[in-house]
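Working notes, beginning with the structure itself.
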Amino acid sequence: MPDTRLLKVQNLSIQFPTRKGIVHAVNDVSWTVDRGETLAILGESGSGKSVSASAVMNLVDTPPAVISSGQILFRGQDLLKASAEDRRLVNGKSISMIFQDPLAALNPVYPIGWQIAETMRVHGIDADTARRRAIDLLGRVGISDPERRARDYPHQFSGGQRQRIMIASAIALQPDLLIADEPTSALDVTVQAQVLDLMKELQRDSGMGMVIITHDLGVVEKVADKVVVMQGGRIVEAGPVAKVLSQPSHPYTQRLLDAVPGRHGFSVNEAAEAGPTPLLEVRNVSKVYFGRPKLFSSAPQPQVKAVDDASFKLSRGATLGIVGESGSGKSTLARMLLGLDTPTAGSIDFDGKDLLKLSAAETFKVRRRVQFVFQDPTASLNPRMTIQQIVSEPWAIHAGVLPRQQWRERVAELLEKVGLLPDHAERYPHQFSGGQRQRIAIARSLALQPELIVCDEAVSALDVSIQAQIIDLLKELRRDMGLSYIFIAHDLALVRDFATSVIVMYQGKIVEQGPTEQVYGKPQHDYTRRLLAASEVQPGALAA
Amino acid sequence: QSGDAVTIVLPGGPDRLDPCETPRSVIGRIIKQNVVETLVELDYAKQTTIPRLAESWEQTSPTTWRFNLRKGVKFHDGTPFDAASVVYSLERTLDPKLTCITRTKYFGGVDITARAIDENTVEFMTKTPMPILPTLLAQLAIASAKTPKGEYTTEPIGTGPYDFVSWTQGENVKIKRFDGYWGEKPKIEDATYVWRSESSVAAAMVETGEADLAFSIAPQDATNPETDKVYPNSDSAMFRLSADIPPLNDIRVRKALNLAIDRKAFLGSVISDKAELATQQVGPSVLGHNPNLVPWPYDPEQAKALLAEAKAAGVPVDTEIRMIGRPGMFANSNEFVEAAAEMLRAVGFKIKLDNLEMTQWLEAANKPFAAGRQANALLTMHDNNSGDAQFTAFFKYHSDGRQSEIHDAKVDKLITDAGMASGEERAKLYQETFRYIYEDLVADAPLFHMVNYMRVGKRIDFTPTIANAVELQLAKLVVKSPS
Amino acid sequence: MRSSIHASGTAEMARPAQATPSALRDIVSSLLRDKVALVSAAFLAIVLVCVALGPTLLADQARAMNLMQRNAAPFSFDRPWLYILGADALGRSVLARIIVASQNTILIAGTAVLTSLVVGGALGLVAGFKEGAVSAILLRLADAIMSFPSLLLAVIVLFVFEPGVANVILVLAISRVPIFLRTVRAEVLELKERLFVTSARAMGASTWRILFRHVAPMVLPTVINLAALEMAFVMLVESGLSFLGIGIQPPEITWGLMVSDGRNYIGSAWWVAFWPGLVIMLVTMSLNLFSNWLRVVTDPVERWRLQTSAE
Amino acid sequence: MGNFIFKRSLQSVLSLALLIILVFFLARFTGSPADLYLPLDATEEMRDQFNQRFGFDDPVYVQFFRFLGGLLQFDLGESIQYSKPAVEVVLQAFPTTLMLAAITMPIVIAVAIVTGSLAAFRPGGLFDRIASLISLIGASTPNFWVAIVGVIVFAVWLRVLPTSGTGTPWHWVLPVAVLCLRPTGVLVQVVRSSMITALSSAYVKTARAKGVRARAIVFVHALRNALLPVITVASDQAAGIVNGAVIVETVFGFPGIGKLMIDSVLLRDFAVIQAAVLVTALAVFIINIVVDITYALVDPRIRHS
Ligand SMILES: Nc1ncnc2c1ncn2[C@@H]1O[C@H](COP(=O)(O)OP(=O)(O)OP(=O)(O)O)[C@@H](O)[C@H]1O
Ligand SMILES: Nc1ncnc2c1ncn2[C@@H]1O[C@H](COP(=O)(O)OP(=O)(O)OP(=O)(O)O)[C@@H](O)[C@H]1O
Ligand SMILES: [Mg+2]
Ligand SMILES: [Mg+2]
Ligand code: NI
């Protein structure tokens, strides 16, 4: 009797042999999805969610990985035994996947419109139709001016926009099964809602099955029918959404639910009293990107005003949360604060000195005091360096901070602080999960004990329990060492919990700013109100 | 009736095709006696001169010669060959604006003028007596008066049996039979000249029938006795010794050096077995060659003894001697110097080998010699295809000679006297010069009179001679009837 | 500071029973696993032994002429074993000469390639990383070198300096700098846009550190590969310089010189040019296969190929 | 873009000028041509005449200004060897060279890209092993050896091709084959090396997830990312051929610029050296400008920075 299930994963186990022993990434995992059904995979960062999903797509390379047992039955056919050509025909058409790390997953040298259309062309749609559909899809995932932007390249998009490009490409052929690995981790709530609605609509129309891997319980609640919870490569709990979320039986699930920001009310974050000079003062900063310069043409280039006339101050010990629409210029602003991009106009003062006018030596000193976590953790780690080398690099750069003998010990300490094992120091970045890489980047940013850390979606790929622990760590450092943060995030509850003041950005402009309480309590701008409404952030609202 | 066509492979291509440059083999082999002719032709075998464009000549005074020209001869451009054109050709050749090899090599300090007596008679006048003027004139190609003066031409117009057709730089030169030729009409109608510096490729071209005749292929490529013919090429190889500089200023050391080289061993190995051991700078076909000199034997023991003797007499025989070669001087010349250096080392010489590029080699070969130079043994290859020792003796051995390493009053006098003399007397004086240099002075280390291999295709019947060093008269090729 | 967070999100790891192998053992074992690399390494080791000992052991045999044995054919067993590969135009043992020549050859080609790699590579890093004038000047200089006739360069060096081995190396190195410069630069242009380079910059890393710690290791595989191929080229070109009187002169020998000496005998005694040519080829091949292995062991993403035995 | 080309051309002109100045002055360090062209026993007077005729009797800087003056009228002086304008001599030889390059490079690039990419697809696999072996043999075999053996085998033994010379297309077969050998061998290795890196990137996984055919993954997705070093090395090879394929020219009697250049250096025919350098450098500079434009075409990140 053929199995009628759309997808059935049975007793799947996957190992990675490494120099230090065998990593059991996925251990005896089983789950099923039916047509029109949505399965959410929740779980600890590094618990094997992405690896098991990749196995469905035949993207786990064996070797080096070993799939030691299990079956993946798609409509009764074992995909692990299918021929390469059969697999290819399934991929993209019947099953498609949204990857966790959209920057790396997009080909840097092709325009994104081409890349979206490719999925369709590969499966037999003529190039012209494919192109038109790609533009249409871009519009539907909320990229404005899709006609023009289809010709842009991945590096010209914001993190959230890339994520949406991945989504557009995955749903292009209305697959029977969509596997989405953290599809909304970089999206603000309004865009997130739009994207999730789009996926639901597809599901309604075509009976698409969905596997959605996420750390966001709000998303789970909104779209999933059933849920499995993973920890350490195993499934620890499974069941219908309502049941699991309301009556968690496994301690990990309980801890997870407990850690949702705002669940226990928000901590009140005293803004440290403003000193005579703020630590950071941004005055009328703007950044204009030029569109693609046409070869052999001198026509004026299209411009993108990524940041438009932004001004704000940050005092010592304070945390400035930046929220806003995806693509509204948050990362661009962060890059300018770090001196990685020069503003088209305006000035940035750090500790009373204009960043743009510093000498090389002064810049070097400032860099020691300001650290960062980028939105794309994978790409920000050198693939040829071990974690030990990556985390200790700041000390190598800034000689004299820490004697070399202590590096090993201190790296171990930092890794433990972010929830990794000292043993991990010998591994390379590609051997980690998305969340783990993000934590490595956080550990690195703490190495120098800086005065300011710019966090761009620093915890967005972490499950809430680890997220909570990291936030606790950051808070502790703020209290003990007077650290300041610029905290860019899409999770409004988290920002409310952590930030002392908030900036709201919309289409490159700062539309609202003020102390956290004030912005959340009495939003002035229309966009802020919409944002808050969409997020339904009310204390304790989720668990109800 | 259509005649035959031949293709001839030369080792190098011409850079210009000027009649005043025919003594250079790259040019002479194509146009000399084919396109342009001379008044007089050399007969190497008999060491005499024979008439060509001149029917006869006589010496009317020690400094004047009168030549009677052949009548009814026409240049390819239709203009008649006459006394005026001879005068014109001489003047053009001697024009200091050009560096014609005929002038620089043969009419050097000669100071010669010509005068048309009548249409078919020319008189040549020299400042000093010039007993070998006919020999000299064998080098002067007569070109049409349409050939511009003061600049080189690439389109030679002569009286020869062949008319110049075209020259494609780097590719080929074509000539075709001239129907208005005064003499016997040659069999071959068209000739194409191409050039390949790679001897094996040149040989292959004849073997595959792409070409009919290949000049000078390397001995190791001359593997087929049926087609590969050897001919003396008037080149003589020699080590010139810096006889002024210790330790080579000692005659015992020079003798030792001569005794240490096993010349015979090279024949049939590195050098063709048809080459001859040399005793002097000119070959047997040259007037003045001394046939009585005996080649040095190979006697390393005696060489060692001589060196020991010299050493005992205080000669610094351990001083390093620089052996100077030049790549591609003759086939396998690199191997030759390498081996010769080893032979000298074996008897106790201290040799440093330098293979120099042409310019540097010339700096080492020519005066003024570098101040404070090292003792050296310089490999040279000298060709004398004029048939007279004069073009060798002076500049190689006279105190004022550009390449002379010796300054011996007796040698100087012998050379000057010989230059004035003619006939038997001339030959005798030159022979004595070479004997004296070889036996009494041991001025240098003569090596070989070289030969070339020519590969002649199966269609062609031809036996090369020493004349082919600088010319190839197509009229002498016989195409076998296809059978 | 407390360390309150429990280690989480980490998959179970089964530790092997025995102690973790040392890095060196690791490399040795992965070399043993790759047979091709192992053979290459062994061959290179033999060459190095020849380089070290060849001239002391066989110098006399390599110079001993015997015109009777001229161009003696290889594999003839009635001659001494040294003549197993035949004899050259002067009747010298080809085998002995190959062994003795290894020293000069490797010295010259190795130093020349290494020099141009280091100089060209370093300048390429700079040219790729620094925009504007510096880069433009370096690149246009490279262009100029590329179109400067190398023979003229050789002749100039010959006239201006004393001929000698150092000058051969100089000429060869100079003429091969552009290829390394331009290759490295092209890679850097792309690499410097990567986020981890930006990260290092944001941490305050000096340009020097970024170039050598982050960028260079990524460029190295391609460059090493190229260098191994350049070795063959340089070995052959070097012999051309000998004929100008610059550099190696007999009785010193190099493989390149042996190959060119044999040029005239290809039709009649193929072995004179063939064996040294073969050795050049084998060395190039070994270097390449070995560098391919090296690139795999030094690339963490690829390394598994050599570590997990294919079970 | 136009701006870029303008700026690059300006730079190139400057470095071309530098090159020419270097060649001009350095070449005159290498000894006087008089001895080479005059017979061994030439007199001092003849040498003076010779030097006067070619202007070598003037101080070098005077010669240089005369050269510059001529350059403006596209007159690069007179060849001593050929006693005609150097430009004419060079321009007669250059087309053959360009033709050789134009035939050779496309073959080299096409073969190398296909072979190298397929080898990189399964590193260590059978195809990779064979392709690597053959390409390494190609990259390290002496050109003249292949050329002469080629003549012996194909022209003398098999009699299927002409030995040498120009004329029919058949005459081009052996020279082009010989000329392709080393560049192809080198390029295969470069393609392979940089393709291995590209093929292990995350976007290749994405392409697999989309169901893209293996062929398209290799030749569309990975290849373009791997192309930068390939273009660079290929341009170096092309420049090498444009500067003269000496071996091929000498063995096969192809009247190209390489042999001309060597002869001119050895014969100190300064005018021809200068003209040849000028022409080849111009070609090399154009190649390099095209290469830089290609970089930007291939990789948008380079275009934007
Ligand atoms: N190539 C590899 N070599 C060794 N270990 C690996 C490799 N790839 C993944 N792992 C390990 O496998 C485990 C599962 O990784 P996976 O990416 O599936 O985690 P995840 O559940 O998706 O986590 P996250 O939410 O952080 O993305 C992790 O502990 C990771 O360290
Ligand atoms: N190199 C570039 N060229 C052109 N446009 C760019 C470039 N980089 C970013 N942009 C555009 O600038 C805008 C701001 O991008 P930015 O990355 O700052 O957004 P963001 O607020 O961080 O968004 P997200 O939350 O999605 O990460 C976006 O519309 C983006 O498309
Ligand atoms: Mg994951
Ligand atoms: Mg962003
Ligand atoms: Ni989230």
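Naming: A, B, ... by sequence-line order, numbering from 1 per chain.
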So with a 6.0 Å cut-off around CZ of Phe29(D), is the heavy-atom count from everything else above 12? no
Toward chain C, the part of Ile247(D) with a non-hydrogen atom under 4.5 Å: side chain
Minimum heavy-atom separation for Val284(D) and Asp143(C), please, with both atom names. CG1-O, 4.5 Å
Contact class of Asn225(C) relative to chain D, heavy atoms under 4.5 angstrom: side chain
Examine distances only and state if a side-chain atom of Arg295(C) and a backbone atom of Ser193(D) form a donor-acceptor pair shorter than 3.5 Å. yes
Which residue out of Leu153(C), Asn288(C), Leu289(C) racks up the most heavy-atom pairs below 4.5 Å with chain D? Asn288(C)
Under 4.5 Å heavy-atom distance to chain D, tell me which part of Leu141(C) shows up: side chain, backbone, both or neither. side chain
Where on Ser135(D) is there a heavy atom nearer than 4.5 Å to chain C: the side chain, the backbone, both, or neither? neither
Contact leader toward chain D among Leu278(C), Thr222(C), Leu151(C), Asp299(C), where contacts are heavy-atom pairs under 4.5 Å: Leu151(C)
Which one, Arg185(C), Met218(C), Arg263(C), leads in non-hydrogen pairs under 4.5 Å with chain D? Arg263(C)
Heavy atoms, side chains only, cut-off 4.5 Å: are Val277(D) and Pro149(C) in contact? yes
In sequence, state the C-alpha distance, the side-chain angles, and the governing distance for Asn288(D) and Met146(C), and then conclude on side chain to side chain contact (heavy atoms under 4.5 Å, CB included). CA-CA 10 Å; Asn288(D) 286 346; Met146(C) 266 170 96; 3.9 Å; yes
Using salt bridge (charged side-chain N to carboxylate O under 4.0 Å, His left out), reason through Asp292(D) and Arg182(C) one step at a time and then give a plain yes or no. CA-CA 10 Å; Asp292(D) 268 0; Arg182(C) 289 161 44 81; 5.7 Å; no
Show the nearest heavy-atom pair for residues Val265(D) and Val155(C), with the distance to one decimal. CG1-CG2, 3.9 Å
Apply side chain to side chain contact (heavy atoms under 4.5 Å, CB included) to the pair Leu26(D) and Leu152(C), showing each step before the final yes or no. CA-CA 9 Å; Leu26(D) 289 180; Leu152(C) 182 60; 5.8 Å; no
Where is the tightest heavy-atom contact between Phe285(D) and Ala144(C), given as atom of each residue plus distance? CZ-N, 4.2 Å
Under 4.5 Å from any heavy atom of chain C, what part of Arg268(D) do you find: side chain, backbone, both or neither? side chain
Relative to chain C, which segment of Asp236(D) carries a heavy atom at a distance below 4.5 Å: side chain, backbone, both, or neither? both
Is it the backbone or the side chain of Val251(D) that comes under 4.5 Å from a heavy atom of chain C, or both, or neither? side chain
Which bit of Ile156(C) comes within less than 4.5 Å of chain D, counting heavy atoms only: side chain, backbone, both or neither? both
For a 4.5 angstrom cut-off between non-hydrogen side-chain atoms, does Val186(D) reach Glu230(C)? no
Just do the side chain to side chain contact (heavy atoms under 4.5 Å, CB included) check on Arg301(D) and Leu189(C) with the steps written out, would you? CA-CA 9 Å; Arg301(D) 287 165 298 177; Leu189(C) 283 184; over 6 Å; no
Going by residue number, which parts of residues 222-231 of chain D are within reach of chain C, meaning a heavy-atom gap below 4.5 Å? Leu228(D), Pro229(D)
Between CE on residue Met281(C) and CG on residue Leu133(D), distance to nearest 0.5 Å: 8.0 Å
Could you walk me through whether Val233(D) and Leu226(C) satisfy the side chain to side chain contact (heavy atoms under 4.5 Å, CB included) test, starting with their C-alpha distance in whole Å, then the side-chain angles of each, then the deciding distance to 0.1 Å, before giving a yes or no? CA-CA 9 Å; Val233(D) 174; Leu226(C) 196 61; 4.1 Å; yes
Scan the side chains in residues 140-154 of chain D for donor-acceptor partners under 3.5 Å anywhere in the protein, sequence neighbours excluded, and list what turns up.
{"from": "Ser140(D)", "atom 1": "OG", "to": "Leu136(D)", "atom 2": "O", "distance (Å)": "2.7"}
{"from": "Thr141(D)", "atom 1": "OG1", "to": "Ile137(D)", "atom 2": "O", "distance (Å)": "2.4"}

Sort Val246(D) into side chain, backbone, both or neither according to what part of it lies under 4.5 angstrom from a heavy atom of chain C. neither
Taking side chain as C-beta onward, heavy atoms only, is Asn292(C) less than 4.5 Å from Gln189(D)? yes
Max heavy-atom pair count under 4.5 Å with chain C, selected residue of Arg129(D), Arg8(D), Arg192(D): Arg8(D)
Region of Val36(C) that comes under 4.5 Å of a non-hydrogen atom in chain D: side chain
Less than 4.5 Å apart, side chain to side chain, heavy atoms only: is that true for Ser147(C) and Leu19(D)? yes
